[in-house]
Amino acid sequence: MADMFLRCGSHPLSAAEIPPTLRPSPASRKPPSTAHCAKCLLWRPPGPPSRDSQPVTEMHSMMQQQWDPHAQDTSGLQSMWFSEAEPEGGTGSRFQPGDKTGQFSSPSLPNREVWSFLKAIPPIPDEAVVKQKSPCGSWRVGTLRHGKRVNAIAISSAPCHVYTCGTGYIRVWDENALHASDRAPQAQLDFQDPRNRVLTCKLFPDEQSLITGGMARGLTLWDLAPTPQVRAQMASTGSICYSLALSSDAHLCLASFKGFVEIWDVQNQILIRKHEVPPYASRCVDITGFKFWTGGEDTTLYSWDLRSYQKLQQHSLCHEILSITHDPSEEWVLAGLKMSDVVILHAHREEKYKAIVQRYTQHHNLKFASCGTYFMATLDEVIHCLAAPSLRRLFQAEECYNILCCEVSSDNRYLVTGSKDSATVYQLLY
């Protein structure tokens with residue numbers, strides 16, 4: 001219990017000041033691993049389980065509290081676009097939510113000896129605490145005139161370049177072009193066949209390579225530095241690649257086609273396996289650890305084992321799945337539905353939550369920021385920036401045309417969206 005709270009040294013408590021629900025029990029003699037103060041209850045998100053951590057059932061309850069929109073600040077969220085938000089999974093445990101967010105009741109509390117020890121610990125100065133910020137707004141700073149539909153976008157941070165992908169070519173823009181509306185691209189990468197259309201792309205973690213797929217009967221691997229050029233063409237057995245996913249170490253690339261997913265050793269350009277999936281369950285693909293996820297028109301989200309290729313789970317989400325993404329820790333998976341719902345699932349436990357919207361949409365894109373504190377959801381022409389895990393609205397923006405794709409730079413400075421003939425650049429404000 002004690003490691004659910006943090007101590008603020010500026011508020012020492014006497015025994016009389018301790019609320020009855022938090023007074024120590026004589027039966028409890030086990031010292032906590034982290035100090036806490038009853039006057040300043042600051043909820044700390046749980047970290048990964050360790051040998052000395054609480055039992056799994058306790059961690060499960062903590063994670064349910066963390067992602068439960070009812071237990072978080074959703075005042076801005078309700079006024080935005082959610083009609084309700086409800087948990088759909090998780091099991092009970094001996095930790096129960098208290099009257100206020102972040103408070104839990106427990107049958108075991110520290111005794112007076114422990115309280116005395118905790119009060120002797122000096123406070124941690126504010127400047128020593130590293131806080132990851134979330135944006136409070138955005139500023140539209142430029143337009144990239146691609147000339148055709150922008151179906152996919154990639155952004156590198158060092159140096160800063162934006163790659164807008166469409167039919168016939170990819171255009172490369174430097175940082176100066178991001179703050180203007182009439183700059184020419186730094187370079188243009190033309191396909192051999194001008195009818196080739198890029199529908200999806202993924203930037204490698206080192207930002208030195210890019211892989212693209214679409215209506216080209218294959219995947220194209222690009223070297224981006226020092227000069228962008230084709231490194232390899234990887235012939236596919238399918239005609240249209242709808243979605244790509246890269247493993248965190250960039251050794252594996254998954255490409256989804258109608259009815260199957262190709263698994264590539266991207267370092268050696270070798271096709272490892274052509275994995276059959278239900279015919280209408282391969283519009284989207286993503287990968288978390290040793291699992292990969294597929295979904296599409298059949299409204300079911302599947303997870304598969306990358307080692308045995310057996311189906312692990314399936315979740316009926318009731319509406320067509322338009323996008324799948326995961327947070328940087330690969331612990332949570334988000335699915336964007338045609339009904340505009342955002343479904344949040346735990347990658348390893350049976351926990352599922354849904355934020356509900358009564359509105360159909362043609363384009364639903366999700367993108368998690370690299371810092372993990374927020375994600376973008378674009379619904380047709382509207383951009384929503386939501387905090388994670390509270391789902392609180394951070395800001396909202398609207399464009400004139402449907403947004404076909406979006407991307408956040410790895411340094412969390414820029415958001416770029418693609419539409420019918422151009423890309424719009426936003427600088428994120430903190």
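The figures here come from the full heavy-atom set of this structure, side chains too, leaving out hydrogens, waters and symmetry mates. Just so you know, residue 1 is the first one in the sequence shown, and it goes up from there.
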Which heavy atom of [X] sits nearest to which heavy atom of [Y], and what is that distance?
X: F204; Y: A250; answer: CD2-CB, 3.7 Å
X: P194; Y: Q192; answer: CD-O, 3.5 Å
X: A335; Y: L366; answer: C-CD1, 3.7 Å
X: N365; Y: C405; answer: ND2-N, 3.7 Å
X: S243; Y: V285; answer: OG-N, 3.3 Å
X: A423; Y: I153; answer: CB-CD1, 4.4 Å

Evaluate the side-chain contact (heavy atoms from CB on, under 4.5 Å) criterion for residues Y353 and L391: first the C-alpha distance (whole Å), next the side-chain angles of each, then the deciding distance (0.1 Å), finally the verdict. CA-CA 11 Å; Y353 305 91; L391 298 183; over 6 Å; no
Got more than 12 heavy atoms from elsewhere within 6.0 Å of OH, Y280? no
May I ask you to check whether over 12 heavy atoms, not counting those of Y309, lie within 6.0 Å of atom OH?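 Atom OH in Y309 is packed in, count exceeds 12.
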Do the ring planes of H315 and W293 sit parallel (below 30°), tilted (30 to 60°) or perpendicular (above 60°)?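 Aromatic pair H315/W293 classed parallel.
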Mind telling me whether H275 and W304 have parallel, tilted or perpendicular rings, with 30° and 60° as the class edges? perpendicular
Working to the nearest 0.5 Å, report the span between [atom1] of [X] and [atom2] of [Y].
X: L334; Y: S323; atom1: CG; atom2: OG; result: 8.5 Å
X: S209; Y: L203; atom1: OG; atom2: CG; result: 8.5 Å
X: Q233; Y: T220; atom1: CD; atom2: OG1; result: 4.0 Å
X: T164; Y: K148; atom1: OG1; atom2: NZ; result: 11.5 Å
X: L301; Y: K352; atom1: CG; atom2: NZ; result: 9.0 Å
X: L144; Y: T417; atom1: CG; atom2: OG1; result: 9.5 Å

Distance-only side-chain donor-acceptor flag, [X] / [Y], under 3.5 Å:
X: S340; Y: T361; answer: no
X: H348; Y: E331; answer: no
X: E399; Y: S419; answer: no
X: T288; Y: H326; answer: no
X: S134; Y: T373; answer: yes

Determine whether a donor-acceptor pair (N or O, by modelled atom type, separation under 3.5 Å) exists between the side chain of [X] and the backbone of [Y].
X: E330; Y: G289; result: yes
X: S303; Y: Q313; result: yes
X: S181; Y: T143; result: no
X: D327; Y: W332; result: yes
X: D380; Y: Q362; result: yes
X: E262; Y: L271; result: no
X: D341; Y: V343; result: no
X: K274; Y: T237; result: no
X: E207; Y: S157; result: yes
X: N196; Y: G168; result: no

Run through L219, L254, L210, L246 and flag the one making a side chain to side chain contact (heavy atoms under 4.5 Å, CB included) with K202.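 Answer after filtering L219, L254, L210, L246: L246.
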Could you check whether any side-chain heavy atom of [X] comes within less than 4.5 Å of a side-chain heavy atom of [Y], counting everything from C-beta outward?
X: Y163; Y: R171; value: no
X: I287; Y: L306; value: yes
X: D174; Y: H161; value: yes
X: Y169; Y: H146; value: yes
X: K258; Y: I240; value: no
X: V408; Y: S370; value: no
X: L244; Y: I211; value: yes
X: S236; Y: R217; value: no

Quick one, H319 with H364, criterion side-chain contact (heavy atoms from CB on, under 4.5 Å). Give me CA distance, side-chain angles, the key distance, then yes/no. CA-CA 12 Å; H319 298 286; H364 191 162; over 6 Å; no
Contact list for residues 398-426, test ring pair (Phe, Tyr, Trp, His ring centres under 6.0 Å), sequence neighbours left out: H179-Y414
Checking side-chain contact (heavy atoms from CB on, under 4.5 Å) for the pair C165/I170: CA distance, chi angles, key distance, verdict? CA-CA 5 Å; C165 308; I170 298 172; 4.0 Å; yes
Could you give me the CA-CA distance, side-chain angles and deciding distance for C241 and T200, then say whether side-chain contact (heavy atoms from CB on, under 4.5 Å) is met? CA-CA 8 Å; C241 174; T200 176; 4.0 Å; yes
